[in-house]
Enquirer: 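If you scroll down you'll find the structure; I have some questions about it.
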Amino acid sequence: MPPSELTELAPWRSPIARALHRNRAQPFCRFLQLATLRPDGTPANRTVVFRGFAENGNQLMFISDRRSEKIAQIDYNPNAEVCWYFTKTREQFRLSGQLQGITADSTDADLQQLRDRLWQNISDNARIQFAWPQPKAMRDPNSEAFSPAAPDPATPLETFCLLLLSPHTVDYLSLRGEPQDRILYKKKEDANSEGWTTAEVNP
């Protein structure tokens, strides 16, 4: 869904916002694990940085190098899950859904604007990594390969990709308390509904 279309905020947004606020003193609270599937069916997992929610929506934003293996994995199978643990408050969120990659070839103008804004908001150090050599290729002994000219801060490089995760299930677990609290949020299957069901379940 284009970010310009207003979407009702999902009920799991408030617990995540609260967890981010209560753990804000720990910079790594924005790190989470993203799992995808390789074409051979084996899982692939890595740590990514949460870059916020898409404007007026419930999609989580991440960034990636277009040349990375995860892009091909998403093209093969867009199903993915993130696992997000907040150490201070001892809360875990597992969000399952579908990933969409927004590249320089994407034709949706709203999504391209979102990609542009995210590029403009990241640090110079983050931007320059998208001008580095091919990820996972044999390392070039020439150290200058990792000292390219600084990219234009206004215009994303071709290698810059915005990832949007659209969750359909969120599993929330609070490890404090006896018994612990666990809540399942599921998006309603009605294609015309943006609603969610909420159920308290056993931990």
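No experiment lies behind these values; they were computed from the predicted model shown.
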Enquirer: Determine the interplanar angle of the Trp196 and Trp12 rings, folded into 0 to 90°, and report it as parallel if under 30°, tilted if 30 to 60°, perpendicular if over 60°.
Expert: perpendicular
Enquirer: Can you give me the closest heavy-atom contact between Phe130 and Arg67, atom names plus distance?
Expert: O-NH2, 3.7 Å
Enquirer: Would you check if Arg66 and Glu158 make a side-chain contact, meaning some heavy-atom pair closer than 4.5 Å?
Expert: yes
Enquirer: Answer yes or no: does atom CD of Gln98 have more than 12 heavy-atom neighbours from other residues, nucleotides or ligands under 6.0 Å?
Expert: yes
Enquirer: Mind running side-chain hydrogen bond (donor to acceptor under 3.5 Å, both in side chains) on Asp40 and Thr42 for me, showing each step along the way?
Expert: CA-CA 6 Å; Asp40 64 1; Thr42 58; 2.6 Å; yes
Enquirer: Decide yes or no on side-chain hydrogen bond (donor to acceptor under 3.5 Å, both in side chains) for Arg46 and Thr36, but give the supporting numbers first.
Expert: CA-CA 9 Å; Arg46 79 286 289 163; Thr36 54; 3.0 Å; yes
Enquirer: Is there a side-chain hydrogen bond (donor to acceptor under 3.5 Å, both in side chains) between Arg24 and His21? Walk through the geometry before answering.
Expert: CA-CA 5 Å; Arg24 64 190 183 281; His21 179 73; 3.3 Å; yes
Enquirer: Kindly work out whether a path of hydrophobic side-chain contacts (I/L/V/M/F/W/Y, heavy atoms less than 4.5 Å apart) joins Tyr172 to Leu9.
Expert: no
Enquirer: Hydrophobic clustering (ILVMFWY, side-chain heavy atoms < 4.5 Å, transitive) - are Phe31 and Trp84 grouped together?
Expert: no
Enquirer: Could you tell me the separation between the SG atom of Cys161 and the CD1 atom of Ile63, rounded to the nearest 0.5 Å?
Expert: 10.0 Å
Enquirer: Could you tell me whether the side chain of Tyr85 reaches within less than 4.5 Å of the side chain of Leu175, counting heavy atoms only?
Expert: yes
Enquirer: Would you call Arg117 and Glu55 a salt bridge, using N to O less than 4.0 angstrom?
Expert: yes
Enquirer: So, do His168 and Ser96 sit near enough that their side-chain heavy atoms are less than 4.5 Å apart?
Expert: yes
Enquirer: Hey, could you give me the CD/OG distance between Gln59 and Ser166, rounded to the nearest 0.5 Å?
Expert: 3.5 Å
Enquirer: Does any part of the side chain of Leu20, heavy atoms only, come nearer than 4.5 Å to the side chain of Phe86, both counted from C-beta?
Expert: yes
Enquirer: Considering all heavy atoms of both residues, which atom of Phe93 and which atom of Val170 are nearest to each other, and what is their separation?
Expert: CD2-CG1, 4.4 Å
Enquirer: Under 3.5 Å, sequence neighbours excluded: what are the donor-acceptor pairs made by side chains of residues 177-186?
Expert:
| from | atom 1 | to | atom 2 | distance (Å) |
| --- | --- | --- | --- | --- |
| Arg182 | NE | Asp171 | OD1 | 3.0 |
| Arg182 | NE | Asp171 | OD2 | 3.4 |
| Arg182 | NH2 | Asp171 | OD2 | 2.5 |

Enquirer: With the side chain counted from C-beta on, respond yes when Arg115 and Pro156 share a heavy-atom pair under 4.5 Å apart, and no when they do not.
Expert: yes
Enquirer: With rounding to the nearest 0.5 Å, note down the distance linking CG in Asp105 to CD in Gln112.
Expert: 8.5 Å
Enquirer: Mind checking whether Leu165 and Leu37 sit in one hydrophobic cluster, side chains of I, L, V, M, F, W, Y counted as touching below 4.5 Å?
Expert: no
Enquirer: Roughly how far, to the nearest 0.5 Å, is CD of Gln26 from NZ of Lys88?
Expert: 7.0 Å
Enquirer: Assigning hydrophobic clusters by single linkage (Ile, Leu, Val, Met, Phe, Trp, Tyr; side-chain heavy-atom cutoff under 4.5 Å), is Leu157 placed with Leu162?
Expert: yes
Enquirer: Output the distance between atom CG (Leu163) and atom CG (Leu34), rounded to the nearest 0.5 Å.
Expert: 7.5 Å
Enquirer: With a 4.5 Å cut-off on side-chain heavy atoms, are Thr89 and Asn23 touching?
Expert: yes
Enquirer: Got Asn121 and Arg51 here, is their nearest side-chain heavy-atom distance under 4.5 Å?
Expert: no
Enquirer: Looking at Phe53, I'd like to know if the NZ or CZ of Arg13 sits under 6.0 Å from its six-membered ring centre while staying within 45 degrees of the ring's axis.
Expert: yes
Enquirer: Say you draw a straight line from NZ of Lys70 to CG of Asn45; how long is it, rounded to the nearest 0.5 Å?
Expert: 11.0 Å
Enquirer: So, do Leu164 and Met61 sit near enough that their side-chain heavy atoms are less than 4.5 Å apart?
Expert: yes
